[in-house]
Colleague: 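Quick one: structure below, then a few questions.
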Amino acid sequence: MAGLSVVVAVDGSKCANHAFQFYLNHFHRPEHHVTALYTTPPLLSTFYATPHGIISPEILNAFQQERDVQVSKVRKSSEKIAKGITHFKFVHLSDIERPGVGIVNYVKDTKTDFVVIGTRGMGLVKRTILGSVSDHVLHHVHVPVTVVSKEE
């Protein structure tokens, strides 16, 4: 029998890394196929226009390079945690306006069996105003989800 397909949402934060390690310590089996999933917003989502006009290609290139550096850091962090996992891959989805929506769509498209996601432990008011990626994923995927609270 093939192993479970598991998605672990990562972003390089202590909370996400803790959730990944929690999965490894408590749920992981050698036959599981683990995907570390990282989403990033469109480059131009907030930086399109300046007081002097449209953003220059040089500045856009600098934003791209900065994003590439961040993706590389998250990839390396995920690979370090995943060391020894036989079936592991890192997936970066770019141009995702809302991380929760990107995660849900990926889980549905790939027929993932299980999701692990960390939470920063925002209070009720902040979570209500800003929204929560973990809340969105929990309520919109139709597979088991483990939400791991931040490390104390």
Side-chain angles (χ1 to χ4, degrees), residues 2-48 60-152:
L4 288 176
S5 172
V6 179
V7 164
V8 180
V10 297
D11 63 6
S13 69
K14 288 181 181 180
C15 296
N17 291 345
H18 173 66
F20 198 169
Q21 193 62 57
F22 184 89
Y23 159 75
L24 291 175
N25 293 342
H26 298 283
F27 296 107
H28 182 67
R29 300 289 175 263
E31 64 273 11
H32 289 182
H33 294 261
V34 180
T35 301
L37 180 63
Y38 179 47
T39 64
T40 55
L43 287 175
L44 300 180
S45 63
T46 56
F47 300 109
Y48 186 70
L60 183 59
N61 186 42
F63 286 143
Q64 178 66 48
Q65 288 177 355
E66 184 178 322
R67 179 169 72 183
D68 291 347
V69 167
Q70 182 62 26
V71 170
S72 178
K73 286 180 183 178
V74 174
R75 176 188 301 273
K76 287 177 184 174
S77 171
S78 298
E79 289 172 346
K80 182 178 178 182
I81 295 168
K83 187 177 181 183
I85 295 178
T86 305
H87 308 287
F88 172 77
K89 67 180 175 180
F90 177 87
V91 173
H92 169 230
L93 301 179
S94 60
D95 300 327
I96 305 299
E97 287 287 346
R98 297 180 54 218
V101 173
I103 294 166
V104 168
N105 290 341
Y106 182 87
V107 167
K108 289 178 180 178
D109 292 346
T110 61
K111 297 179 175 45
T112 297
D113 300 307
F114 182 60
V115 178
V116 179
I117 190 166
T119 181
R120 289 180 167 80
M122 291 190 286
L124 177 62
V125 174
K126 192 172 182 182
R127 188 174 62 243
T128 301
I129 293 170
L130 296 176
S132 163
V133 174
S134 57
D135 280 350
H136 184 83
V137 171
L138 183 64
H139 291 99
H140 291 90
V141 298
H142 302 291
V143 299
V145 177
T146 295
V147 179
V148 181
S149 62
K150 65 181 180 179
E151 195 172 20
E152 294 298 326

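On a predicted model such as this, the values are computed, not experimentally measured, just so you know.
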Colleague: If I take atom CG from residue Leu93 and atom OG1 from residue Thr40, how far apart are they, to the nearest 0.5 angstrom?
Modeller: 8.0 Å
Colleague: Hey, what do you get for NE2 (His92) to CG (Leu37), rounding to the nearest 0.5 Å?
Modeller: 9.5 Å
Colleague: Check whether any side-chain heavy atom of Phe22 lies under 4.5 Å from a side-chain heavy atom of Val116, and answer yes or no.
Modeller: no
Colleague: Among all residues two or more places apart in sequence or in another chain, which pass the side-chain hydrogen bond (donor to acceptor under 3.5 Å, both in side chains) test with Asn61?
Modeller: none
Colleague: Compare all side-chain heavy atoms of Ile96 with those of Ile103 and state whether any distance is below 4.5 angstrom.
Modeller: no
Colleague: Using a 4.5 Å cut-off on heavy atoms from C-beta on, say whether the side chain of Val148 contacts that of Phe20.
Modeller: no
Colleague: Does Ile85 form a side-chain contact (heavy atoms from CB on, under 4.5 Å) with Leu24? I'd like the steps, not just the answer.
Modeller: CA-CA 9 Å; Ile85 295 178; Leu24 291 175; 3.3 Å; yes
Colleague: According to side-chain hydrogen bond (donor to acceptor under 3.5 Å, both in side chains), who are the partners of Tyr23, at least two apart in sequence or on a separate chain?
Modeller: His28, His32
Colleague: Using a cut-off of 6.0 Å, state whether more than 12 heavy atoms not belonging to Glu66 lie near its atom CD.
Modeller: no
Colleague: Going by side-chain hydrogen bond (donor to acceptor under 3.5 Å, both in side chains), name the residues that satisfy it together with Ser72, two or more places apart in sequence or in a different chain.
Modeller: none
Colleague: Not counting sequence neighbours, list each pair that qualifies as a side chain to side chain donor-acceptor pair (under 3.5 Å) and has a residue in residues 101-113.
Modeller: Thr110-Thr112
Colleague: According to the side chain to side chain donor-acceptor pair (under 3.5 Å) rule, which pairs have a member within residues 74-87, sequence neighbours left out?
Modeller: Asn17-Ser77
Colleague: Apply salt bridge (charged side-chain N to carboxylate O under 4.0 Å, His left out) to Arg67 and list each qualifying residue two or more places apart in sequence or on a separate chain.
Modeller: Asp95
Colleague: Specify the closest pair of heavy atoms between Ser149 and Thr119, including all atoms of both residues, with the distance to one decimal.
Modeller: CA-CG2, 3.4 Å
Colleague: Passes side-chain contact (heavy atoms from CB on, under 4.5 Å), Gln70 versus Val74? Steps please.
Modeller: CA-CA 6 Å; Gln70 182 62 26; Val74 174; 3.6 Å; yes
Colleague: Rounded to the nearest 0.5 Å, how far does OG1 of Thr35 lie from CZ of Phe88?
Modeller: 8.0 Å
Colleague: Classify the ring geometry of His136 against His140: parallel below 30°, tilted from 30° to 60°, perpendicular beyond 60°.
Modeller: parallel
